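The structure appears right after this line, and notes come after that.
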Amino acid sequence: MNPDIPQIPAILDIVGIAVFALSGALLAARLRQTFVTMGFFALVTGVGGGSIRDLLIGAPVFWVRDPWVAAVCLGVALVAWFTPRRWWEGQLLEYADAAGLAGYAVLGTAKALAYGVTPVPAVTMGIITGCVGGVIRDVLAGRPSILMRPELYVTAAALSSALCAAGMMIDAPRELVWTLAGAAGFALRASAIRFGIHLPAYKREDA
């Protein structure tokens, strides 16, 4: 195992993927879709970002040989199918998603660097890891994606990714870098949830 790639405890890794998958399943539920659609949304949201990252950096796609990831995503969809949607909606899920966003942004950046990707593209790989599953989900659902909304979501992933890349480039202790980078991204996203912080929109009028 490459020591330059953060080793997330297996249970936390599965929980993080499950949270992303649940957001996909709940969107399908909100749209009154079939279980097949719900399962697909759960899977693509849970593994979409990491899959694209691995394909771009030339790494084995992380979930293809893992017996648990796809099963957990489909299991989450099954749970969502048989439970009222209101049980799962609220800020607790948003905060859990924020933790997953920051953690996987760090993981994606560190993994890209470990595969020889230069810092700026590696930061992009971190953002892709944390966000692209949700982007694919939203595009398939025909609604504005997180890229088209002003809330601090992609920005939080970018912060974690940039801090991770910067810390690793100056050879700071890896575990400290990963922890601080993840905490910073989570804090930014959590602040946005709590206080409604968002980026300003373009308002310049044509002359």
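The analysis underlying the following values was restricted to heavy atoms, covering all of them including side chains, and did not include hydrogens, waters or symmetry mates. This one's a predicted model, so the numbers in the text were calculated from it and none came from an experiment.
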Worksheet item: Closest heavy-atom contact between C73 and A42?
Response: O-CB, 3.5 Å
Item to complete: State whether the number of non-hydrogen atoms from other residues, nucleotides or ligands found under 6.0 Å of L92 atom CG is greater than 12.
Response: no
Fill in: Residue pair L188 / A156: nearest heavy atoms and the distance that separates them
CD2-CA, 3.8 Å
Discussion item. Can you list everything that forms a side-chain hydrogen bond (donor to acceptor under 3.5 Å, both in side chains) with S161? Sequence neighbours excluded, please.
Written reply: T109
Worksheet item: Under a single-linkage definition using a 4.5 Å side-chain heavy-atom cutoff for Ile, Leu, Val, Met, Phe, Trp and Tyr, are L147 and F41 assigned to the same hydrophobic cluster?
Response: yes
Worksheet, complete the sentence: Here the gap from E94 atom CD to R194 atom CZ, rounded to the nearest 0.5 Å, amounts to 12.5 Å
Discussion item. Is there a path of hydrophobic side-chain contacts, each under 4.5 Å between heavy atoms of I/L/V/M/F/W/Y residues, joining V44 to L55?
Written reply: yes
Practice prompt. Please identify each residue that fulfils ring-ring contact (aromatic ring centres under 6.0 Å, His included) with F35, with sequence neighbours left out.
Written response: W81
Practice prompt. Might you point out which heavy atoms bring P60 and Y115 nearest each other, and give the distance in Å?
Written response: CD-OH, 3.7 Å
Practice prompt. Could you pull out all residues at least two apart from V72 that satisfy side chain to side chain contact (heavy atoms under 4.5 Å, CB included)?
Written response: I14, A18, V76
Worksheet item: Shared ILVMFWY cluster between L27 and M38, side chains joined below 4.5 angstrom?
Response: no
Worksheet entry | For Y153, all residues meeting ring-ring contact (aromatic ring centres under 6.0 Å, His included), sequence neighbours excluded | none
Worksheet, complete the sentence: Sequence neighbours excluded, the answer for side-chain hydrogen bond (donor to acceptor under 3.5 Å, both in side chains) partners of T37 is T34
Practice prompt. To the nearest 0.5 angstrom, please state how far the CD1 atom of I146 sits from the CG atom of L152.
Written response: 12.0 Å
Worksheet item: For the residue pair T45 and S23, what are the closest heavy atoms and their distance?
Response: CG2-OG, 3.5 Å
Worksheet item: Roughly how far apart are E151 CD and L199 CG, rounded to 0.5 Å?
Response: 10.0 Å
Worksheet item: Are L140 and V47 co-members of a hydrophobic cluster defined by side-chain heavy atoms under 4.5 Å apart?
Response: yes
Worksheet item: Is the closest side-chain heavy-atom distance between V123 and I127 below 4.5 Å?
Response: yes
Discussion item. Does anything in residues 168-200 form a ring pair (Phe, Tyr, Trp, His ring centres under 6.0 Å)? List the pairs, not counting sequence neighbours.
Written reply: none
Worksheet, complete the sentence: A184 meets the side chain to side chain contact (heavy atoms under 4.5 Å, CB included) criterion, sequence neighbours left out, with L159, L163
Worksheet item: Linking I/L/V/M/F/W/Y whenever their side-chain heavy atoms sit closer than 4.5 Å, directly or via other members, would L180 and M168 fall into one cluster?
Response: no
Item to complete: Only counting residues at least two apart or in another chain, list the ones meeting side-chain hydrogen bond (donor to acceptor under 3.5 Å, both in side chains) with S51.
Response: W63
Discussion item. Apply side chain to side chain contact (heavy atoms under 4.5 Å, CB included) to residues I17 and D13 and explain how you reach the verdict.
Written reply: CA-CA 6 Å; I17 291 170; D13 192 20; 4.0 Å; yes
Discussion item. To the nearest 0.5 Å, what is the distance between CG on L26 and CZ on R86?
Written reply: 13.0 Å
Item to complete: Could you tell me whether a side-chain N or O of S160 sits under 3.5 Å from a main-chain N or O of A157, the two making a donor and an acceptor?
Response: no
Worksheet item: About how many Å separate CZ of R137 and CG of L43, when rounded to the nearest 0.5 Å?
Response: 13.5 Å
Worksheet entry | Pairing residues for A183 by the side chain to side chain contact (heavy atoms under 4.5 Å, CB included) criterion, not counting sequence neighbours | none
Worksheet item: Can you list the residues that meet the side-chain hydrogen bond (donor to acceptor under 3.5 Å, both in side chains) rule with T129, with sequence neighbours excluded?
Response: R53
Discussion item. Holding to salt bridge (charged side-chain N to carboxylate O under 4.0 Å, His left out), I want the full list of residues that pass it with D138, two or more places apart in sequence or in another chain.
Written reply: R143, R149
Worksheet item: Where do L113 and A165 come nearest, in terms of heavy atoms and distance?
Response: CD1-CA, 4.0 Å
Item to complete: Under the side chain to side chain contact (heavy atoms under 4.5 Å, CB included) rule, collect the residues that match up with I52, sequence neighbours excluded.
Response: L56, I128, V132, I136
Worksheet item: What heavy-atom pair brings A172 and V177 nearest, and what distance separates the two atoms?
Response: CB-CG2, 3.5 Å
Fill in: Lys/Arg N to Asp/Glu carboxylate O, D97 vs R189, below 4.0 Å
no
Worksheet item: Considering only heavy atoms from C-beta outward, does the side chain of F62 approach that of K111 to under 4.5 Å?
Response: yes
